[in-house]
A.B. asks: 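The following block contains the structure, expressed as structure tokens.
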Amino acid sequence: MPVASDPADLDSDGAGDHDGQLPINELFHSLQGEGRLAGVPTVFVRTSGCNLRCWFCDSYHTSWEPTGDWYGVDELLAAIGEYDADHVVLTGGEPLIHDASGDLLAALDDRGYHTTVETNGTIAPDAPIDLASVSPKLATSTPTAARDPKGSGEWADRHEERRLDLSTLADIVERYDSQLKFVVTGPEDMAEIESLVERLRAATETTIPDHRVLLMPEGQTREQLDETRRVVAELAMEHGYRYTPRLHVDLWNDAPGT
Ligand code: SF4
């Protein structure tokens, strides 16, 4: 699937309405690299646009500089059907900022696909989803002036106001099979993760077992993961949470389309 011009009619939050179409940054076949379905052959549909701006975003061209082109649901179903895979991951950016993501998920559900949605957990879905893979953003994600990859911290306040919404997180874990996936930069993140998990448990009657809380090392290259994976694995053992690899980085480093 070609990647074309900037979807110029996205607003500053990355959302847009284009006659029921979705702004697509890329669509590709690979192995699921993260979480409890790691290793499963999967078609990835990556939408462009995000309502947050994590400084370490590993899909820069869906958030800081969104690029892609518009595709209708039928075109996407045809492209997905070209691959021998019954699992589809809808990811971004933040795919749930687009109303048409719900149309695509409903159409995939009708056709018997297993769907995973990779979301930052700030927007309540309105669609059939088999696995909500929720990645709440920690304080260390905020693009302060010193860490801003593009400007001088202009997004920091907006990001900080939006990055956590406990009632939306509770709504998602109540309505969907889910996993909570935290990008961990080091031991300094653990107090915030533990606090958030406890607050979320208090906000819902749904049980959130420790094995549904995933710690994932921060790093977009093998070299970066070499610095973090052992530390994060030991933190998972210490706290009783689940470690998740970044299998696609281990296998293909930072090659695009993996
Ligand atoms: S929420 Fe995800 S896609 Fe959006 S800026 Fe953060 S890491 Fe990137």
Side-chain angles (χ1 to χ4, degrees), residues 3 6-7 10-16 22-28 32-35 44-68 89-98 101 116-125 129 131-166 168-169 172 178-186 189 192-193 196 214-221 224-225 228 232 244 246 248-249 254 256-258:
V3 174
D6 283 10
L10 294 180
D11 65 23
S12 64
D13 290 348
L22 279 168
I24 299 298
N25 176 264
E26 59 179 347
L27 186 153
F28 60 94
Q32 171 59 285
E34 306 166 355
F44 290 81
V45 180
R46 186 184 303 285
T47 59
S48 208
C50 187
N51 58 339
L52 300 183
R53 292 292 186 278
C54 306
W55 68 266
F56 53 66
C57 183
D58 61 2
S59 53
Y60 183 88
H61 288 287
T62 69
S63 54
W64 290 96
E65 288 188 18
T67 57
V89 170
L90 183 62
T91 185
E94 172 48 64
L96 297 177
I97 61 175
H98 307 295
S101 287
T116 299
V117 172
E118 298 278 354
T119 176
N120 59 33
T122 61
I123 298 170
I129 297 170
L131 176 61
S133 182
V134 186
S135 187
K137 296 302 179 249
L138 304 177
T140 48
S141 67
T142 298
T144 56
R147 285 181 147 172
D148 189 324
K150 189 176 179 185
S152 308
E154 291 86 348
W155 258 86
D157 288 348
R158 208 175 343 168
H159 178 97
E160 190 57 34
E161 282 163 19
R162 292 175 173 177
R163 67 180 173 81
L164 282 182
D165 181 338
L166 204 60
T168 299
L169 288 173
I172 293 172
S178 60
Q179 62 188 15
L180 297 174
K181 191 173 65 178
F182 293 97
V183 177
V184 180
T185 54
D189 289 330
E192 188 180 0
I193 291 171
L196 177 59
L214 280 53
L215 306 186
M216 185 169 74
E218 196 273 320
Q220 299 164 34
T221 66
Q224 290 167 349
L225 285 183
T228 52
V232 175
T244 176
R246 306 190 94 159
H248 49 303
V249 179
D254 55 353
T258 60

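Scope of the values below: all heavy atoms of this structure, side chains included, with no hydrogens, waters or symmetry mates. Every number for a ligand or one of its atoms is a count from 1 in the order of the listing.
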A.B. asks: Hey, are D189 and T140 close enough side-chain-wise for a donor-acceptor pair under 3.5 Å?
C.D. replies: yes
A.B. asks: For T142 and E160, does a side-chain donor sit closer than 3.5 Å to a side-chain acceptor?
C.D. replies: yes
A.B. asks: Apply the side chain to side chain donor-acceptor pair (under 3.5 Å) test between E94 and each candidate in T119, T62, N51; give the one that qualifies.
C.D. replies: T119
A.B. asks: Which value, rounded to the nearest 0.5 Å, describes the distance between R246 atom CZ and D254 atom CG?
C.D. replies: 11.5 Å
A.B. asks: Is E154 paired with R53 through a side-chain N to carboxylate O contact shorter than 4.0 Å?
C.D. replies: no
A.B. asks: What distance do L164 atom CG and L169 atom CG have between them, rounded to the nearest 0.5 Å?
C.D. replies: 6.5 Å
A.B. asks: Are there any protein N/O/S atoms under 2.8 Å from atom 4 (Fe) of ligand 1, and if so, which?
C.D. replies: C50 SG
